[in-house]
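Below you'll find the structure, written out as structure tokens, and then a few comments.
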Amino acid sequence: MKKTKFKKAVSVLLALVMISGVFLAVPAVAAGEETGKWVAAWGTAPVDYYISLADYVSGFIVNGKLSAGTLTRTEISVGVSGEKLRLKFSNEYGDKEVRFTNANVAKTDTSKKGAIQKSTVVPLTFNGKSEAVIPAGSVIWSDTIDFRTDALDKLTVSMYFTHATPVKTAGLFCGKTYCSAAVPGAVDRGTMINPSEISIATGTNAYHVIPFLTAVDTYTTDENAYSAVFIGDSTLVNRMTEYLSVRLSKSGVSNVSVINEGIMGNRLFYDGHGLIGNLYGKSVTDRFGRDALNITGCDVIIVKIGVNDILHPSSKTMGAEAPYVSAQDIIKGYEALVERAHENGKRIYFMEITPWKGYVRDILGAKADIVWREELQAMCDECNEWIKNNDVADGYIDSGSLANPRDIFAFREQFTKDGIHLTDLGALALADCIDIEEIFGAEESKSVSDIYGVDPYGEESQSKTNPRLQKVKNILLIARQLISSLRIEYGPFQKFLDKLIDAIPDDYSLISYAAKKVN
């Protein structure tokens with residue numbers, strides 16, 4: 001009797017062990033499935049892109065409309081490897097719904113404008129449908145697609161617009177969008193017919209318009225992957241973050257996606273003011289949740305903001321409209337950002353307000369709109385003093401090496417095109433100022449300068465092309481933009497205008513060389 005009970009007990013025990021083994025195995029499998037995560041692979045900060053001069057010229061609209069039967073292709077670069085993709089489209093500033101169809105994602109064919117690798121095309125769907133409908137003031141996400149990407153891969157997102165569509169929500173940075181007249185079936189074709197880039201020019205800067213597309217997330221199997229978000233003004237709207245991505249990759253950091261959410265003219269406290277103030281976006285205080293805290297997989301935030309809060313109230317063209325703030329106000333704003341970041345478990349770093357002496361906000365010849373003054377510089381210095389010595393943020397990026405040794409309030413000449421905005425060479429140098437060991441855990445820190453064999457501080461970097469050429473190029477861009485907005489079919493003239501625009505280099509000779517090596 002005892003042996004029988006013992007055998008039964010052993011049987012029960014073995015059964016329990018087997019059952020418990022099954023139950024224990026289930027979490028192990030689930031854990032394996034959960035090792036992956038969604039991380040932002042690309043992004044751009046949307047603004048109200050619609051500009052109308054109806055108050056000055058009846059019915060005149062500068063930009064903001066895609067004609068019926070238009071194919072658009074947006075070229076982007078992803079920051080981290082992954083197995084799946086999902087895409088975000090925004091109609092945040094629209095007052096009517098936006099519809100497009102036959103959208104897809106493909107690897108970019110970099111040999112031609114607006115070209116894709118046909119064999120890589122994957123269609124996008126939205127709740128299982130090929131047509132996307134974005135209600136006014138809303139955003140939508142595509143369905144998840146299987147699409148393998150490696151860090152720094154170049155992708156193209158194609159969309160077809162059956163009806164004339166106002167573009168009131170767009171990014172102005174981190175990609176290029178080409179458009180052309182087409183039929184729906186052309187979305188899958190490898191090339192476009194007479195593609196023309198959608199762009200907008202202001203002063204010495206040209207911006208690349210990205211209609212509706214604002215984010216691309218990737219599903220990565222690296223559970224340690226995360227995104228690092230840069231948020232700020234036009235002094236971030238350059239190739240610095242692109243160079244940083246290359247630097248991280250070459251330094252063995254493959255699990256960090258660098259996202260640039262810079263907006264030209266952006267302020268810490270107030271939305272944009274002036275004739276094109278809508279292009280300056282919502283204030284960083286307002287958009288900090290959308291463009292930093294809520295970016296998928298964001299663990300690190302790097303802020304570069306404040307100079308426009310100081311300069312815009314002193315601008316002749318917007319001073320009466322742009323509210324004044326003090327340096328102490330800006331510092332309190334910085335502290336509030338730190339508090340919000342830490343409450344959400346994010347590390348936060350600040351970049352200094354970089355030099356701007358020599359900047360006059362030259363708007364197509366309207367010189368001396370802003371002039372450097374000691375009292376304005378003193379406000380910048382007070383903000384920078386806090387950035388370098390505060391005990392609440394997680395650190396800061398020291399960019400002092402970019403200053404002109406003969407005048408520390410100005411950039412080195414080769415680093416700026418207009419006194420405040422960085423050339424590609426300046427962006428390269430700024431990327432090298434970032435301590436990637438401290439911030440990103442790089443075990444071996446390689447500089448962009450060494451990777452591409454370019455010394456931004458060397459004598460050869462002093463050689464410049466004619467700085468007036470950039471203004472000429474921007475005037476041509478504006479001419480193309482105006483002609484497009486009036487919907488004039490200018491056929492052969494379009495090709496001639498585009499050739500002129502392409503023939504003018506964007507920057508300095510050495511910078512163009514470095515940019516080609518990046519590409």
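What you see is a predicted model; the values in this text were computed from it and never measured. Nothing fancy with the numbering, it's 1 onward along the sequence. Computation of the quantities below employed the complete heavy-atom set of this structure, encompassing side-chain atoms and omitting hydrogens, waters and symmetry-equivalent molecules.
Using a 4.0 Å cut-off between charged side-chain N and carboxylate O, Asp109 and Lys107 make no salt bridge. For Glu242 and Arg239, the salt-bridge test passes: some basic side-chain N is under 4.0 Å from an acidic carboxylate O. Taking a cutoff of 4.0 Å between a charged side-chain nitrogen and a carboxylate oxygen, Arg99 and Glu131 qualify as a salt bridge. A salt bridge is defined here as a Lys NZ or Arg NE, NH1 or NH2 lying under 4.0 Å from an Asp or Glu carboxylate O, and Asp188 with Lys118 fails to meet this definition. Electrostatic pairing of Lys446 and Asp450 does not count as a salt bridge here, judged by no charged N lying under 4.0 Å from a carboxylate O. Salt-bridge check for Arg290 with Glu92: passed, with a basic side-chain N closer than 4.0 Å to an acidic carboxylate O.
In terms of heavy-atom proximity, Ile210 sits nearest to Thr177 at CA-OG1, 3.6 Å. Leu71 and Ala186 get closest at one heavy-atom pair: CD2-O, 3.9 Å. The heavy-atom pair separating Val237 from Ile263 by the smallest distance is CG2-N, 4.0 Å. The two residues Asn102 and Pro184 make their nearest non-hydrogen contact at ND2-O, 3.8 Å. The minimum heavy-atom distance linking Gly262 with Ala45 is given by the pair O-CB, 4.4 Å. Closest of all the heavy-atom pairs between Ile140 and Ala132 is CD1-CB, 3.9 Å.
Arg347 contributes a side-chain N or O that, together with a main-chain N or O of Ile439, makes up a donor-acceptor pair within less than 3.5 Å. When atom types are taken as modelled, the side chain of Asn238 and the backbone of Thr235 share a donor-acceptor pair closer than 3.5 angstrom. No donor-acceptor distance shorter than 3.5 angstrom exists from the side chain of Asp48 to the backbone of Leu279, with no hydrogens or angles considered. For the pair Ser251 (side chain) and Arg247 (backbone), a donor-acceptor distance under 3.5 Å is present. Checked by atom type and distance alone, the side chain of Ser234 never pairs as donor or acceptor with a backbone atom of Met264 at under 3.5 Å. Here the side chain of Ser142 pairs a donor or acceptor atom with the backbone of Leu87 at under 3.5 angstrom. In this structure, the side chain of Asn104 does not engage the main chain of Val122 through any donor-acceptor pair within 3.5 Å. Using a distance-only test at 3.5 Å, with no hydrogens or angles considered, no donor-acceptor pair links the side chain of Arg73 to the main chain of Lys176. Looking at Lys37, its side chain does come within 3.5 Å of a backbone N or O of Ala225 through a donor-acceptor pair. Checked by atom type and distance alone, the side chain of Asp435 pairs as donor or acceptor with a backbone atom of Glu437 at under 3.5 Å.
Interatomic distance, OG1 of Thr218 versus CH2 of Trp42, reported as 14.5 Å (0.5 Å rounding). Atom-to-atom distance recorded for Ser245:OG and Leu248:CG is 6.5 Å, nearest 0.5 angstrom. Atoms OG1 and CD1, on Thr108 and Ile116 in that order, are 8.5 Å from each other to the nearest 0.5 Å. With rounding to the nearest 0.5 angstrom, the NE2 atom of His208 is 8.0 Å from the OG atom of Ser199. The SG atom of Cys433 lies 10.5 Å from the OH atom of Tyr396; values are rounded to the nearest 0.5 Å. Taking CG from Asp143 and CG from Leu124, the interatomic distance works out to 8.5 Å, rounded to the nearest 0.5 Å.
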Pair Asp146, Tyr219 - check side-chain contact (heavy atoms from CB on, under 4.5 Å), show working. CA-CA 9 Å; Asp146 292 324; Tyr219 188 82; over 6 Å; no
Residues Ser138, Asn91; criterion side-chain hydrogen bond (donor to acceptor under 3.5 Å, both in side chains); working and verdict: CA-CA 5 Å; Ser138 301; Asn91 188 20; over 6 Å; no
Evaluation steps, side-chain contact (heavy atoms from CB on, under 4.5 Å), between Leu293 and Phe288: CA-CA 6 Å; Leu293 298 176; Phe288 195 62; 3.8 Å; yes
Check the pair Ser180 / Asn194 against side-chain hydrogen bond (donor to acceptor under 3.5 Å, both in side chains), numbers first and verdict last. CA-CA 6 Å; Ser180 70; Asn194 296 328; over 6 Å; no
Lys168 and Asp95: CA distance, side-chain angles, deciding distance, salt bridge (Lys or Arg N to Asp or Glu O under 4.0 Å) verdict: CA-CA 8 Å; Lys168 294 193 174 183; Asp95 54 6; 2.9 Å; yes
Chi angles and distances behind the side-chain contact (heavy atoms from CB on, under 4.5 Å) call for Tyr349, Ile301: CA-CA 6 Å; Tyr349 300 81; Ile301 300 170; over 6 Å; no
Step by step, would you call Arg148 with Asp150 a salt bridge (Lys or Arg N to Asp or Glu O under 4.0 Å)? CA-CA 7 Å; Arg148 168 68 191 174; Asp150 293 317; 2.8 Å; yes
Between Met240 and Ile434, does the side-chain contact (heavy atoms from CB on, under 4.5 Å) criterion hold? Intermediate values first, please. CA-CA 10 Å; Met240 182 273 296; Ile434 298 172; 3.9 Å; yes
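By the 6.0 Å contact criterion, NE2 on His342 is enclosed, its count of non-hydrogen atoms from other residues, nucleotides or ligands being greater than 12. Atom CD of Glu343 sits in a crowded spot, with more than 12 heavy atoms from other residues, nucleotides or ligands closer than 6.0 Å.
By the 30° and 60° cut-offs, the orientation of the rings of Tyr280 relative to His312 is tilted.
Using a 4.5 Å heavy-atom threshold, the side chains of Phe440 and Tyr226 count as touching. Residues Phe212 and Val98 form a side-chain contact, since some pair of their non-hydrogen atoms from C-beta on lies under 4.5 Å apart. Between Leu268 and Leu337, some side-chain heavy-atom pair lies under the 4.5 Å cut-off. No side-chain heavy atom of Ile198 sits under 4.5 Å from any side-chain heavy atom of Tyr178.
With ring centers used as reference points, Phe100 lies under 6.0 Å from Phe126.
When only modelled atom types and interatomic distance are considered, Lys304 and Thr354 share a side-chain donor-acceptor pair under 3.5 Å.
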